[in-house]
Structure formats: C-alpha cells, structure tokens
Amino acid sequence: MGSRSPQEIWEAALGEIEVQISKPNYRTWFEKTAGLSYQDNKFVIGVPNTFIAEYLDKSQRSLIEKTLIGITHQGAKVIFQVDTKCQESLTSQGRREDSVRSPAPSLPKFNAKYTFDSFVVGDSNRLAQAAALGVAQTPGSNYNPLFIYGGPGLGKTHLLHAVGHTAMDRHLKVLYVSAEKFTNEFVTAIREKNTQEFRAKYRSVDMLLIDDIHFISGKEQTEESFFHTFNELHNANHQIVITSDTAPKAMPLIEERLRSRFEWGLIADIQPPDIETRLAILQAKVAQKQLEIAPEVLELIAQRVQKNVRELEGAINRVTAYANLIQSEPTPETAARALDDIAGKAPLANLITPILEAVADSFKLASSDLLGRRRDKETALARQLAMYLIRQECHLSLAAIGQEMGGRDSSTVIHACKKISNDLSTNPYVQRKVRDSQQRLSR
Ligand code: ADP
Ligand code: MG
C-alpha cells in the first residue's frame, strides 16, 4: 500500500466520488483537483481556487474523508490547498455553463467532448440523434421546436451541445442555457429591473438550446417569460431545441399553452441503451481515454450497468481505479468486485426459467424443447429468441447463457442475438413473438 502515490490514491477516491454525486457537481468541484501529498496523517488536496477550497471544506469534507478511509484504511486529516497547476488546466480547458465563475456571456463554450462524432447511435437514441443532426444542419426548417426527452444520463445534454457545435461552426448565434439558469437570470432581471435586457438577450439569437426544461414547470412567471421568448423565436423561424426528463404530456405542472407549443415540432425520446449499444459506448469511451481494457471486462460492465450512460462511464473509472489500486490489470473478477456496491449484483439467473417458459408458451413448445436438439425452424427460432431475451434481461456472460441453454457455445449465443436483433427491425413475425414473450414474462 505504501507504494501508492498521493495522486493515485486521490484518483481512486475521485472514481468513487464521481459515482456518488451529480455530474455538474463533480465537474464544478472535483474535476480540477489533485492529490498533492500524504504524510503524517495529512492528505493535501490541490484545488484551483479558494472558492472551491471553501466549498469542499464545508460541504464535502465528510464524503472525501470517508472515501479516503475506504481506500487507505486509515484516517487522515484532509487539507485543501490552492494549487496553480490546477488553475492552469481549469482555464486551458474552457469551462461550461455549470462553472463556478460564469464565463463571459458572449460565446457559449460547448463541451468539446459532446459532439455528433462521439455520440454512439443505437436503436434507443436513433431518432433523437437524427433529428438533432437535422436541425443542426438546417435550423428552423424541419422540426421546430425539437423536443428531446429521456431519463437521466442518456445523452440529452450531449446532443444539445453537439447541435451547438455544429451551429457555431456555421456562424449562427447560438444560446445554450439550462432551464435553471434561465430561471435564475429571469429572477435576477426582475429584481434588478432590467427585464428588457434579459428579453433582448434571449430573443436576439438564431438558435436557442434549452436544457432540462422540466425545471421551469410550475414556475409561472418563468413559464410565461419562456412562452413569449418561444413565440418570438418561433415566429422568426429560429430554431429551438429543448430537452426534458419527460414527454410534454407527462409534465405535471406545465401550462397548457406551453405544452402545446412543445408539441408543435418533433418529439423524440431517448431510451436506455440495449446491450450492444452499451458495449459500443464503452468501447468508444475506452478508446477516447486511451485505456486498455479486455473485452470480457467491458462485457461485464455492460451487463451490470444498464440504465444510464453516465454510470457506464463512472463504472469504467471505478474499475480502472480499483485495478490500479491493487496493481493489476482489470479482470472480470476485479471489475465485478469494483462494481459490487453500485450496480445489480447477483446475475439475474432466476429469470432464466420464466423466460424459457414465456418463449416456449408463445411458440406452443415445452421449455425442454428450447434446451434440446430439435432443429425444425420454429424450435430453432424460439431457441434463438430465448437466448436473445436472456441476454437482454439477465446479467450473464455469453458463455454462461450458452451453458444454461443446454450446453451451447458462446458463438451460438452471439449468432442468435445478432439474428434476432436484425430480424426485429425487418420481420413482423419475430417482432410479434418477442413482444408476446415479453408480455407473458411480465404477467
Ligand atoms: P443527460 O443530459 O441525458 O442526463 P448527458 O448528455 O449528460 O445525459 O450524458 C451523460 C454522459 O453519457 C455524458 O458523458 C455523455 O457524453 C455520455 N453519453 C450519453 N449517451 C451517449 C452516447 N450515445 N454515446 C456516447 N456517449 C454518451
Ligand atoms: Mg443533461
């Protein structure tokens, strides 16, 4: 243990902290910190400025100390120290809207990583991605507004920034704002009696990108102000892109006239990614970070973390930090241990029997037919469909699925999953069977 540098220990701690707090919080307070020294039971953390030092000291000390104890197995007094090296990386990177000190209001700084190129497309987000690309390339004409909704960590902000990059490249005047910031600015404008300026700012742009609109729901005056901004931009054919955690019709408190505006254009949802997309995202992130992680480790992460792309990224950090700590390459075993307390633990092996039964019922076969050797077309299809569903629903490796399916090998499972996945977009019979099996499963 003594061989670890303070920076290595701190990186391991950051890996843990990142999955416990929100991304904006993490970015704002932790991203530019460093482990400077660890001596005499004092752990010194370098931070970019006193503001961050004070905040961490007041609000995050216990989380930090607890995390460090978990890693070093001994208590240490944490000291925050302003460090110029942290400042350099802070300014050179260019900060985003959730920065501590807000950047000059003129040009929005989009996150350099959130581009269309780095966005992995799968069935779960295809429509949203295509629509975003469409409005970025021909703003104001196709879908106005474009309303993208989906659960947390599924890439809404990423797409919004990607639209922003593309529009800026085309020299459009783009304004990106979170609904929260919009609200805060509006409240300040009222207090300082310069709503004129506020209005002018928002109504003079070619494109307005507004993130997390659900935030304004129920805030009547802000809704009203947004309503007028919306109308003015829309009348002038200026593009509006909105993200939200729910569909317009499911937003509880929103005013009816605003809701109907949201429904004027195109509404695109983003669903949690399927396993192939999760794997593709992991591969992209690993390449981006220039890490080397074995395919079976990525496979394990993709099986364990299912609902949220942000957590997928957190899982990579956690797995690599843990492997560094114990000074080994990540293996499926160490990865499983690293992920144990954040994601679904035991494989959902107990779902296998119900899935087999559901599929067998749907095809009017017996479960044992699926595990056996019959080769007629229907049985073969049912068997493939069962493998596909088990892969979707259970946290099991390909080899384990093959084992469960009557001792088949993993290439058979891969083939089955690919085939069903392809058939699902082209073959109505397979679509019906998958849906029917899923319905039986949920009864
Ligand atoms: P949301 O705004 O929906 O909560 P974000 O856009 O912040 O989610 O995405 C969370 C993280 O996941 C970001 O780092 C983002 O780059 C990444 N991400 C989400 N979807 C994808 C995707 N399809 N391809 C690549 N990265 C993605
Ligand atoms: Mg977001």
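Just so you know, ligand 1 is whichever comes first in the structure, and atom 1 is the first atom listed for that ligand.
For ligand 1, the atoms sitting less than 4.0 Å from at least one non-hydrogen atom of N125 are 23 (N), numbered in the order shown with element in parentheses. For ligand 1, the atoms closer than 4.0 angstrom to any heavy atom of S118 are 24 (N), 25 (C). Residue contact check: E313 has heavy atoms under 4.0 Å from atoms 11 (C), 12 (O), 13 (C), 14 (O), 17 (C) of ligand 1. Heavy-atom contacts of V309 reach the following atoms of ligand 1: 12 (O), 17 (C), 18 (N), 19 (C), 20 (N), 21 (C), 27 (C) (cutoff under 4.0 Å). Taking every non-hydrogen atom of K156 and a distance limit under 4.0 Å, the qualifying atoms of ligand 1 come out as 1 (P), 2 (O), 3 (O), 4 (O), 6 (O), 8 (O).
On a distance-only criterion, V120 and ligand 1 share at least one N/O pair closer than 3.5 Å. Geometrically, ligand 1 and P152 share no nitrogen or oxygen pair separated by less than 3.5 Å. Here's the thing with L154: one of its N/O atoms is less than 3.5 angstrom from an N/O atom of ligand 1.
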Give the intermediate values and the outcome of side-chain contact (heavy atoms from CB on, under 4.5 Å) for residues F43 and W10. CA-CA 9 Å; F43 197 98; W10 184 234; 4.1 Å; yes
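Between F182 and F226, the angle of the ring planes goes over 60°, which puts this pair in the perpendicular group of the 30/60° scheme. Under the 30°/60° scheme for interplanar angles, the aromatic rings of F198 and Y202 are found to be tilted. Note: F262 and F230 have perpendicular aromatic rings, judged against thresholds of 30 and 60 degrees for the angle between ring planes.
The pair E185-R191 does not count as a salt bridge, with every side-chain nitrogen at least 4.0 angstrom from each carboxylate oxygen. Of the charged side-chain nitrogens involved, at least one lies within less than 4.0 Å of a carboxylate oxygen, so that R257 and E224 count as a salt-bridged pair. Salt-bridge annotation for D274 and R278: absent, with no side-chain N of the basic residue lying under 4.0 Å from a carboxylate O of the acidic one.
Within the structure, ligand 1 has G153 among the residues with a heavy atom less than 4.0 angstrom away. Not close to ligand 1: A284, with no non-hydrogen atom less than 4.0 angstrom away. In this structure, K113 falls outside the shell of residues with a heavy atom less than 4.0 angstrom from ligand 1.
Annotation: atom 26 (N) of ligand 1 to nearest protein heavy atom, K285 NZ, 2.9 Å. Scanning all protein heavy atoms for the shortest distance to atom 8 (O) of ligand 1 gives G155 N, 3.1 Å. Looking only at protein heavy atoms, the nearest one to atom 7 (O) of ligand 1 is R310 NH2, 2.9 Å.
In this structure, a donor-acceptor pair under 3.5 Å is present between the side chains of T115 and S118. Side-chain contact of N111 with H161: a donor-acceptor pair under 3.5 Å is absent, judged by distance alone.
For T243, no heavy-atom contact with ligand 1 is shorter than 4.0 Å.
Residue T157: an N/O/S atom is found under 2.8 Å from the Mg ion (ligand 2).
Between L160 and I210 the shortest side-chain heavy-atom distance does not fall below 4.5 Å.
Atom 16 (O) of ligand 1 has its nearest heavy-atom neighbour, among H158, Q288, E311, in H158.
A donor-acceptor contact shorter than 3.5 Å is absent between the side chain of T138 and the backbone of V135.
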